[in-house]
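Below: the structure, in structure tokens.
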2 protein chains.
Amino acid sequence: MTNYKNNNFKTAVTIAKALADETRLRALMLLADGPLCLCQIVEVLRLASSTISKHMSILQQAGLVTGRKKGRWMHFAWSDGDSSPEARQALDWINGTLRNDDQIGRDRQRLQEVLAIEPEQLCRKQNQN
Amino acid sequence: MTNYKNNNFKTAVTIAKALADETRLRALMLLADGPLCLCQIVEVLRLASSTISKHMSILQQAGLVTGRKKGRWMHFAWSDGDSSPEARQALDWINGTLRNDDQIGRDRQRLQEVLAIEPEQLCRKQNQN
DNA sequence: TTTATAATTCGTCATATAACGAAATATAGC
DNA sequence: GCTATATTTCGTTATATGACGAATTATAAA
């Protein structure tokens with residue numbers, strides 16, 4: 001007999017909602033090979049930085065992604081170790097499902113181009129409009 | 001080299017969207033022990049039958065659930081065998097995550113009461129308001 | 001064929017969500 | 001301290017979604 005309050009339900013809904021958006025899935029999959037800063041994700045997905053920031057916040061709240069401030073830059077990464085088992089399983093599912101997807105492949109290709117640009121130059125370009 | 005068009009992305013988004021709703025997760029988990037007809041799900045979740053019908057349709061489109069007409073009744077069940085691997089993995093994830101959840105447990109308990117009532121009586125009650 | 005009824009579809013409303021640009025915040029470098 | 005700048009927060013707008021009841025559809029029984 002246990003009094004343990006099993007609250008996986010809220011967690012699962014939060015995770016599923018976080019995954020239920022094309023932009024967030026693409027952003028999540030961009031992190032497959034390592035951390036990225038916001039402006040790099042912005043450059044690949046071609047959306048406003050405020051929009052991407054909100055999306056990353058939702059992914060963080062679901063425990064799928066960690067965001068660490070390194071100087072002026074935020075480094076977003078998959079939350080492998082320190083996340084809930086539910087989040088880790090969800091990451092496995094998404095990664096297994098989308099690893100070979102075409103859209104994700106195109107995004108990764110564009111990421112390679114973006115990685116060739118200095119991050120500083122990238123952000124300056126984005127903020128000068 | 002392959003020309004195979006890998007379209008998992010749309011599939012994954014559809015599945016994640018299907019899972020991103022409390023009512024749908026509860027309905028999905030109600031099917032853990034076997035098929036149910038619409039009016040039974042309606043009785044447990046206490047929502048309008050049109051609402052539940054829409055939810056089940058979304059779960060079906062995502063490949064998570066099958067609906068078979070048996071006479072006047074629809075029998076909804078997990079789509080174990082004939083679904084996409086993505087859907088099956090998603091089902092595994094959700095089932096593993098929510099199997100011991102409190103909310104899901106309460107729903108199952110109520111399902112036991114509902115299963116004690118004849119389906120015919122159940123539906124008549126629902127349609128006479 | 002007519003009637004009853006389980007489920008679905010349709011029309012409507014209220015709420016939630018995603019997008020943007022502008023303003024605010026926080027950190028690095030001077 | 002001040003200035004530049006990467007990111008976040010805020011306010012707004014358009015679209016998506018979930019709920020309901022009424023109308024429709026499809027099947028069983030009479």
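Lettering of chains follows the sequences in order, A, B, ..., and the numbering in each one begins at 1.
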How is A:Leu47 classified with respect to the nucleic acid when contacts are heavy atoms under 4.0 Å: base, sugar-phosphate, or nothing?
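Contact class for A:Leu47: sugar-phosphate only.
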
Among [options], find the nucleotide with the atom closest to the side chain of [X].
X: A:Phe76; options: D:dT8, C:dT9, C:dA7; answer: D:dT8
X: B:Lys69; options: C:dC10, D:dA26, D:dT8; answer: D:dA26
X: B:Cys37; options: C:dA7, C:dC20, D:dA22; answer: C:dA7
X: B:Trp73; options: D:dT7, D:dC20, C:dA7; answer: C:dA7

All pairs passing salt bridge (charged side-chain N to carboxylate O under 4.0 Å, His left out) where residues 11-37 of chain B contributes a residue, at least two apart:
B:Arg26-B:Asp107, B:Asp33-B:Arg108

Determine which pairs satisfy salt bridge (charged side-chain N to carboxylate O under 4.0 Å, His left out) with at least one residue from residues 83-94 of chain B, sequence neighbours left out, and list them in order.
none

Show your working on side-chain contact (heavy atoms from CB on, under 4.5 Å) between B:Val114 and B:Ile41 and close with a plain yes or no.
CA-CA 9 Å; B:Val114 168; B:Ile41 303 172; over 6 Å; no

Name all residues meeting the side chain to side chain contact (heavy atoms under 4.5 Å, CB included) criterion together with B:Gln60; count only those two or more places apart in sequence or in a different chain, and write none if there are none.
B:Val65, B:Phe76

Quick check on the helix from C:dT1-D:dA30 to C:dC30-D:dG1: what's the angle between its two end axes, five base pairs per end, to the nearest 10°?
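Between the axes fitted at each end of the helix from C:dT1-D:dA30 to C:dC30-D:dG1 lies an angle of 40°.
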
Quick test: give all pairs of protein nitrogen or oxygen and nucleotides 28-30 of chain D nitrogen or oxygen below 3.5 Å, distance rounded to 0.1 Å.
residue, atom, partner, partner atom, Å
D:dA28, O4', B:Arg72, NE, 3.4

Positive for side-chain contact (heavy atoms from CB on, under 4.5 Å) with B:Trp78, one of B:Thr66, B:Leu28, B:Leu59:
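Filter result, single survivor: B:Leu28.
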
Test side-chain contact (heavy atoms from CB on, under 4.5 Å) on A:Leu111 and A:Leu36; report intermediate values, then the result.
CA-CA 10 Å; A:Leu111 177 60; A:Leu36 296 176; 3.8 Å; yes

Residue met sooner reading DNA chain C from 5', once B:His75 and A:Ala48 are mapped to nucleotides
B:His75

Indicate yes or no for a side-chain donor-acceptor contact from B:Thr14 to the backbone of B:Lys10 under 3.5 Å, with no hydrogens or angles considered.
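Yes, the answer is positive, given that a donor and an acceptor are paired below the 3.5 Å cut-off.
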
Using atom types as modelled and distance alone, determine if a side-chain donor or acceptor of A:Gln40 lies under 3.5 Å from a backbone N or O of A:Cys37.
yes

Taking the side chain as every heavy atom from C-beta outward, state whether B:Ile58 and B:Leu64 have any atom pair closer than 4.5 Å.
no

Contact between A:Ile104 and A:Arg99 at the side-chain level, heavy atoms closer than 4.5 Å - yes or no?
no

Trace of the side-chain hydrogen bond (donor to acceptor under 3.5 Å, both in side chains) decision for B:Arg106 with B:Gln103:
CA-CA 5 Å; B:Arg106 283 192 295 277; B:Gln103 172 68 62; 3.3 Å; yes

Distances for protein N or O near nucleotides 11-18 of chain C N or O, under 3.5 Å:
residue, atom, partner, partner atom, Å
C:dT17, OP1, A:Lys17, NZ, 3.4
C:dA18, OP1, A:Asp21, OD1, 3.4
C:dA18, OP1, A:Arg24, NH1, 3.3
C:dA18, OP1, A:Arg24, NH2, 2.8
C:dA18, OP2, A:Arg24, NH1, 3.4

